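Keep in mind the model is a prediction, meaning the values are calculated, not measured.
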Amino acid sequence: GPVSNPDSHGGYSKPLRHRHRHQSAHSLEHAPTTDQSGALWLAGDVVAQQIRSSSHTESQGLDLRRSGQNALYGGMVNGTIGHWWYRELDRWALRYFRGGSARFVAAKVAADGLVFGPVHVAGYLGAMSLMSGKSPAESGAVVREKFAEAYGVELLGWSVVQAVNFRYVPSMWVLERSSICRGSHS
């Protein structure tokens, strides 16, 4: 059942406990905007392209269309659905686990990977495919073809990042940090 401990953030060290209490009290007041999330996805994609370009002998240049598509997805989809998801995930986890505890972090990582992960991966693949000019039927085929591999990579790599996020990053900033990281892995 829900944790009845009034100090639900007791798993944090004293400075982190104070910060977590403060951010939880104000987390609903802080709503990342679509332009913030879009800008972070844009920045993440530009960085990812620069890293990929530096690993090739020939410079491939910056794909501005791809960066724009990532910014649009990051702002319109991840900025809205992602904010709602992380806010509700935090509320749920705090009902059942002491904030900052290993169980709290593990439950959030598991829920994020098993519930939001598939939605995010399928949504991203479908949206990018549609924005590249494919029909809905073709986009569905892309999702079916690439989903298993992309979701596997998402689970393996993203779970580690989210464990750090959920342990050390205040909930109100998880979406912003996630936007940078996810945008850079696009």
Side-chain angles (χ1 to χ4, degrees), residues 32-56 58-90 92-93 105-169 171 173-186:
T33 61
T34 57
D35 59 332
Q36 288 171 323
S37 186
L40 293 171
W41 272 72
L42 172 69
D45 183 66
V46 168
V47 169
Q49 288 188 53
Q50 289 176 339
I51 290 169
R52 286 188 188 119
S53 180
S54 69
S55 67
H56 293 91
E58 263 184 56
S59 177
Q60 297 176 352
L62 185 62
D63 183 346
L64 294 175
R65 180 180 172 138
R66 176 187 134 163
S67 295
Q69 290 169 341
N70 272 282
L72 185 61
Y73 177 83
M76 299 307 293
V77 178
N78 200 58
T80 54
I81 296 169
H83 173 69
W84 173 84
W85 167 252
Y86 289 118
R87 184 186 67 202
E88 295 305 313
L89 179 62
D90 201 50
W92 169 79
V105 173
K108 286 179 73 172
V109 168
D112 190 55
L114 298 173
V115 177
F116 188 65
V119 172
H120 165 70
V121 170
Y124 178 80
L125 292 171
M128 292 298 115
S129 183
L130 287 168
M131 285 191 275
S132 71
K134 291 187 173 31
S135 71
E138 292 169 322
S139 296
V142 167
V143 172
R144 285 187 296 279
E145 175 188 326
K146 295 183 176 184
F147 178 81
E149 181 181 352
Y151 180 55
V153 170
E154 171 94 356
L155 276 178
L156 291 174
W158 198 243
S159 295
V160 174
V161 172
Q162 288 297 60
V164 172
N165 277 344
F166 296 148
R167 178 64 176 105
Y168 298 107
V169 178
S171 296
W173 298 112
V174 167
L175 180 61
E176 283 86 346
R177 185 166 183 324
S178 298
S179 293
I180 294 169
C181 294
R182 279 200 164 118
S184 68
H185 288 94
S186 55

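Residues that satisfy the side-chain hydrogen bond (donor to acceptor under 3.5 Å, both in side chains) test with Q69, not counting sequence neighbours, are absent from this structure. Under the side chain to side chain contact (heavy atoms under 4.5 Å, CB included) criterion, L89 pairs with W85, Y86, W92, K108, A111, D112, F166, sequence neighbours left out.
Inter-residue side-chain proximity for V164 and V169 is flagged as unmet; no heavy-atom pair is nearer than 4.5 Å. In this structure the side chain of Y124 never reaches within 4.5 angstrom of the side chain of V77, judged on heavy atoms. No side-chain heavy atom of W41 sits less than 4.5 Å from a side-chain heavy atom of S67.
Judged purely by atom type and a 3.5 angstrom limit, S37 uses its side chain to pair as donor or acceptor with the backbone of G74.
Nearest heavy-atom pair across V109 and Q162 is CG2-C, 4.0 Å. Between Q49 and G61, the shortest heavy-atom contact is OE1-O, 4.0 Å. Between Y151 and G117, the shortest heavy-atom distance links the atoms CE1-C, 3.9 Å. Between F147 and V121, the shortest heavy-atom contact is CD1-CG1, 3.7 Å.
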Name the atoms and distances for all side-chain donor-acceptor pairs under 3.5 Å in residues 138-146, with sequence neighbours left out.
unit_1: E138; atom_1: OE1; unit_2: S135; atom_2: N; d: 2.8
unit_1: E138; atom_1: OE1; unit_2: S135; atom_2: OG; d: 3.3
unit_1: S139; atom_1: OG; unit_2: S129; atom_2: OG; d: 3.0
unit_1: S139; atom_1: OG; unit_2: L130; atom_2: N; d: 3.4
unit_1: S139; atom_1: OG; unit_2: S135; atom_2: O; d: 3.0
unit_1: R144; atom_1: NH1; unit_2: G140; atom_2: O; d: 3.4

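Annotation: the span from R65 atom CZ to S132 atom OG amounts to 6.5 Å, rounded to 0.5 Å. Taken from CG in L64 to CG in L42, the straight-line distance is 9.0 Å, to the nearest 0.5 Å. In this structure, the separation between CG on N78 and NE2 on H120 is 6.5 Å, given to the nearest 0.5 Å. Of the inter-residue distances, the one linking H83 atom NE2 with Q36 atom CD reads 10.5 Å to the nearest 0.5 angstrom.
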Practice item. Would you please test N70 and Y73 for side chain to side chain contact (heavy atoms under 4.5 Å, CB included) and show each step? Key: CA-CA 5 Å; N70 272 282; Y73 177 83; 5.7 Å; no
